Amino acid sequence: MQMDSPKSPLQPPTYGNLVTILSIDGGGIRGLIPAVILGFLESELQKLDGEDARLADYFDVMAGTSTGGLVTAMLTAPNKEGRPLFAASEIKDFYLEHCPKIFPQDHFPFSAAKNLVKSLTGPKYDGEYLHQLIHAKLGDTKLNQTLTNVVIPTFDIKHLQPTIFSSYEVKNNPLKNATLADIAISTSAAPTYLPAHFFKVEDNSTGKVKEYNLIDGGVAANNPALVAIGEVTNEITRGSSDFFPIRPNDYGRFLVLSLGTGNHKCEEKFNAKEVAGWGLLSWLTHDSSTPLIDAFTQASSDMVDFHLSAVFRALHSEANYIRIQDDTLTGDTASVDIATVENLDILAKTGEELLKKHVSKVNLDSGSNENAYKATNEHALIKLAGILSKEKKIRDMRSPHGKAPIRK
């Protein structure tokens, strides 16, 4: 039997003051935006605690959907030395190098018509390069081997229900102990873009086998922050000693960083008169986009943000919920798959510019992000790095096991 790999040096929340959660939305190539944000946050942690510091050393839970699920797997999978396979600073270059091959662009005459016909008969991309790449990077690493707890949503197309791959659940359900590669491929299998993913998981102790028929986690939860909080709440309810004496509804103890992949609220896309006469074809393909899929993934992300903003505000814990999202994307930058060099560069710059923008909060009436503080997102992340570093030190000091050193 394959042994579990060494865990993160972060001691359990029972020895600290907070439960720390990182959440990354889905969004295809727009994952470049949170990649830049994460690179900055990790660099600030390294200034405080040394160049070997990694995000998995500070977050109790890392959750991701679709492209965010892939990033989560890359940041939490162990390398041969038992440290994170990727540093956050490497994610941006990973996207710039591989996205043009994952989503190859056809520039030949009549390519738009060709893509339309193709999207009506099958997925726009065959996914072969993506699957090979993920298997090559993540190998046979399984869910129970991640360096910190992970939560990655997918959707079971056979039973029409969400399937959540959670480090907490896998402890009691070996049939959820899939490889990170299978999980990452599944959560990224966006309908019309990439093929659904089928795989099996066997419980070696009982011989039982479970089959999975999965598509993009964005169908269930494009913003997985609430799912992550739910998994922690379930673990507390089950009586886990890692969370004693935290109560299930004690949101004031949660520290959540939720990263969006950008949207286009500033750009008016359609109006009721225009879409009133649309049939299935128009809802699925219109101006190189998929309005139906765009609508439900954006709505999924926004509803979670609305809920968490309202809850943390009601509990006078607004500072414990940090949502960083850009709503100024237009044209190709709002797509999930137009992976031209020019567009990818723009998305990377969007992430850099987002760091300089003021911290915003969602307006619960209009749904738009509005400046809430004088501080920028960059300043908020610098402050967050200080809180995360302090929390880790407090746990080391209180834990009877002493400080668990960061492995080099």
Side-chain angles (χ1 to χ4, degrees), residues 22 24-47 50-59 62 64-81 83-105 125 127-139 141 146-147 150 152 180-181 184-185 187-188 194 257 259-262 324 326 329 332-333 335-356 377-378 381 385 408:
L22 169 64
I24 311 168
D25 285 14
I29 61 170
R30 301 201 311 265
L32 260 168
I33 295 174
V36 172
I37 304 298
L38 292 171
F40 178 81
L41 176 59
E42 190 169 88
S43 70
E44 290 302 312
L45 289 166
Q46 289 169 346
K47 291 178 183 178
E51 62 181 15
D52 293 318
R54 296 290 183 268
L55 293 176
D57 301 328
Y58 298 87
F59 286 99
M62 295 175 65
T65 294
S66 193
T67 194
L70 175 58
V71 172
T72 295
M74 293 166 67
L75 293 175
T76 60
N79 60 20
K80 293 179 180 179
E81 289 73 41
R83 296 295 292 143
L85 187 64
F86 281 80
S89 60
E90 297 174 309
I91 304 296
K92 172 185 169 182
D93 289 339
F94 176 89
Y95 273 79
L96 293 175
E97 177 183 354
H98 295 292
C99 280
K101 300 171 186 176
I102 296 170
F103 304 111
Q105 304 299 295
Y125 307 98
E128 289 184 8
Y129 182 85
L130 174 64
H131 297 182
Q132 292 172 3
L133 177 65
I134 290 177
H135 280 295
K137 298 297 183 181
L138 299 178
T141 301
T146 55
L147 294 172
V150 303
I152 300 178
L180 285 181
I185 290 170
T187 195
S188 303
L194 291 163
L257 173 62
L259 302 181
T261 56
I324 299 181
D326 186 284
L329 302 184
D332 290 352
T333 59
S335 77
V336 300
D337 69 321
I338 301 181
T340 62
V341 173
E342 179 184 16
N343 199 37
L344 294 173
D345 285 341
I346 292 173
L347 286 170
K349 290 177 182 176
T350 299
E352 294 166 2
E353 292 168 358
L354 186 55
L355 287 169
K356 305 298 182 182
N377 289 316
E378 188 174 67
L381 290 169
K408 297 184 179 181

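Keep in mind the model is a prediction, meaning the values are calculated, not measured.
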* Asked: Does a salt bridge link Arg30 with Asp337, judged by any charged N lying under 4.0 Å from a carboxylate O?
  ->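 Asp337 and Arg30: not salt-bridged.
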For the [atom1] atom of [X] and the [atom2] atom of [Y], what is their distance to the nearest 0.5 Å?
X	Y	atom1	atom2	answer
Thr333	Leu344	OG1	CG	11.5 Å
Leu355	Ile37	CG	CD1	4.0 Å
His98	Leu133	NE2	CG	5.0 Å
Asp52	Leu45	CG	CG	13.0 Å
Leu38	Ser43	CG	OG	11.0 Å
Ile152	Met62	CD1	CE	9.5 Å

Closest contact, heavy atoms only, [X] versus [Y]:
X	Y	answer
Gly351	Val36	C-CG1, 3.7 Å
Ser188	Leu130	CB-CD2, 4.5 Å
Asp25	Thr261	O-CG2, 3.5 Å
Pro78	Thr141	CD-CG2, 3.8 Å
Ala385	Glu44	CB-CB, 3.8 Å

Is there a side-chain contact between [X] and [Y] (heavy atoms, below 4.5 Å)?
X	Y	value
Pro84	Leu75	no
Leu194	Ile185	no
Thr65	Ile24	no
Tyr125	Ile102	no
Val71	Pro34	no
Asn343	Ile29	yes
Ile346	Thr350	yes
Leu55	Asp57	no

* Take Ile324 and Leu257, measure what side chain to side chain contact (heavy atoms under 4.5 Å, CB included) needs, and give me the verdict at the end. => CA-CA 8 Å; Ile324 299 181; Leu257 173 62; 4.3 Å; yes
* Taking only residues two or more places apart in sequence, or in another chain, which ones meet Lys356 in a side chain to side chain donor-acceptor pair (under 3.5 Å)? ->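 Expected list: Glu378.
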Look only at the side chain of [X] and the backbone of [Y], and say whether a donor-acceptor pair between them is shorter than 3.5 Å.
X	Y	result
Arg54	Glu51	yes
Ser335	Asp332	yes
Thr187	Ser66	yes
Asp326	Leu354	no

* To do: Evaluate the side chain to side chain contact (heavy atoms under 4.5 Å, CB included) criterion for residues Glu42 and Phe40: first the C-alpha distance (whole Å), next the side-chain angles of each, then the deciding distance (0.1 Å), finally the verdict.
  => CA-CA 6 Å; Glu42 190 169 88; Phe40 178 81; over 6 Å; no
* For the pair Met74 and Leu85, evaluate side chain to side chain contact (heavy atoms under 4.5 Å, CB included) and give the outcome as yes or no after the intermediate values. => CA-CA 6 Å; Met74 293 166 67; Leu85 187 64; 5.8 Å; no
Atom pairs and distances, donor-acceptor, side-chain atoms in residues 86-97, under 3.5 Å, two or more places apart:
residue	atom	partner	partner atom	Å
Glu90	OE1	Ala87	N	2.8
Lys92	NZ	Glu352	OE2	3.3
Tyr95	OH	Thr67	O	3.4
Tyr95	OH	Thr67	OG1	2.3

